[in-house]
Amino acid sequence: MQGKKSRQRAEEITAGAGKKSITGKPLLKNIICMLCIPVSILLAVLGGGLLMKADLYQMVRNLVFCMLPGLAAVFSFQAGRVSGDLGYDNGEHPGRFLSLYLCGIICAFIFTKLPETGWIFLFFYVALARVSNSITGMCGGISLLVLTASLGGSVSMSVFMAYLLGGLIGTALLACQKDEFYLTVPLGLTLGSQLLLIFAGVLLDQGKKMSRKDGLIPPANVIMSGILLFFFLRYYRNRVTEKADDPYIMLNDPENMVMEQLKVTAKEDYNCAIHTAYLAECIASELKLDVRSAKCAAYYGHLPQEKLDKIPFPEQVSVLLPELKKGTKSLRRKEAVVVWICYRLVREIQLIDHKKKIDYEKLIKTLFEKQFTMEALSESDITLPNLRYIKKRLLKEKTYYELIV
């Protein structure tokens, strides 16, 4: 039943492959969205300066302070999109980042009318990082914080550091999850840290007895941040991460249409793909790498380019496939190295006469001494401990290799 659904899904995707190729990028939409960020910062600083009746020098200062981290966010987003480091399909939907950033600019004006202990920046740090990556989210959050501080007049260093550190902690704890969202502990730590920072950096720094109002606003701030973050992360999971899993479910099924065709037309290639995917999945999982992308690249890395062009792979996979096509010198990402090593090992085993007794331990050690050395993989992200672990892990699979024919 699962195989039938996968084949139906494969037919739908393959039928629409002409509309979306693995190299197709929403370039125009991406350029427009990224240009809107510096333009919106410029308008916000100019508009805020006019409302504050700031002089020219103050407006120029505010523009420089706000624009630079904003441009850093744009550059980081683009770098992540090209390298495939943006989570899920965020690189294909820059409008998510732009929408949140514009909401942040609006809130920056609103925050200037609120007490300093009531600024809800934590949400924007985490949300911006979630729809891009950690570095981009931090740059975007800092630019919004600087904008509010600039428009709010005199803001103490303690206030600025309280929200800067709170955003840093929130991004570290909540923005880097991959497949599952464990919200309770990281969300509790994030909100607790934010509350402590506000009290220590804002209220205690005032050097006076706190009023009831002073004591109620920070908890209200943290509660509101927690509610916003909880619903945003749940919404993101339901609308983005689960949707992003669909192509992997289809592509990583050995009974899907493409793999079934390969099984008929090239049985040896099909077997190679199945065994490579098994080994790559085991190793990638134990090395805490992107298992889904590695397994998908293992299944399809051997296909000719004209067939790959017809399949709309997820962005993470479309980054790995060209590296595998060009060979050892082009390998960069760890996932690509793992798939390449497993593929070469399986191919070597397939070429051996299985009527004779095979010393798999000797075969693996020879491959690592001649082909899978640090010198040969020096341009990749793989480390020597990684290579040693891969070798050790492959040696444990000696009984499995009897299945490879």
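No experiment lies behind these values; they were computed from the predicted model shown.
- In this structure, the side chain of S40 engages the main chain of I37 through a donor-acceptor pair within 3.5 Å.
- Without hydrogens or angle criteria, T136 side chain to S132 main chain gives no donor-acceptor distance under 3.5 Å.
- Between Y163 and Y125, the distance from one ring center to the other does not fall under 6.0 angstrom.
- Between E323 and R333 no salt bridge is recorded (no basic side-chain N to carboxylate O distance below 4.0 Å).
- Ring geometry for F97 against F77 counts as tilted: the plane angle lies between 30° and 60°, on a 0 to 90° scale.
- For H275 and Y400, the gap between ring centers is short of 6.0 Å.
- Checking N90 against R96 by side-chain atom types alone, a donor-acceptor pair falls below 3.5 Å.
- In terms of modelled atom types and a separation under 3.5 Å, the side chain of E335 and the main chain of D290 share a donor-acceptor contact.
- Between the side chain of Y300 and the backbone N or O of L251, at least one donor-acceptor pair lies under 3.5 Å.
- Residues passing the side chain to side chain contact (heavy atoms under 4.5 Å, CB included) test with F109, sequence neighbours excluded: A44, L51, I105, L151.
- Checking R347 against Q350 by side-chain atom types alone, a donor-acceptor pair falls below 3.5 Å.
- At least one side-chain heavy atom of L308 sits less than 4.5 Å from a side-chain heavy atom of F313.
- Here the side chain of N221 pairs a donor or acceptor atom with the backbone of W119 at under 3.5 angstrom.
- Proximity of a side-chain donor or acceptor of T373 to a complementary backbone N or O of E369 within less than 3.5 Å is not detected.
- Not one N or O on the side chain of N62 forms a donor-acceptor pair closer than 3.5 Å with the backbone of M59.
- Y101 and S143 share a side-chain donor-acceptor pair at under 3.5 Å.
- With hydrogens and angles ignored, the 3.5 Å screen pairs a side-chain donor or acceptor of Y236 with a backbone N or O of R130.
- A distance-only check finds no donor-acceptor pair linking the side chain of S76 to the backbone of A73 [under 3.5 Å].
- Ring geometry, Y360 versus Y401: the interplanar angle falls from 30° to 60°, so the pair is classed tilted.
- Without hydrogens or angle criteria, E348 side chain to L345 main chain gives no donor-acceptor distance under 3.5 Å.
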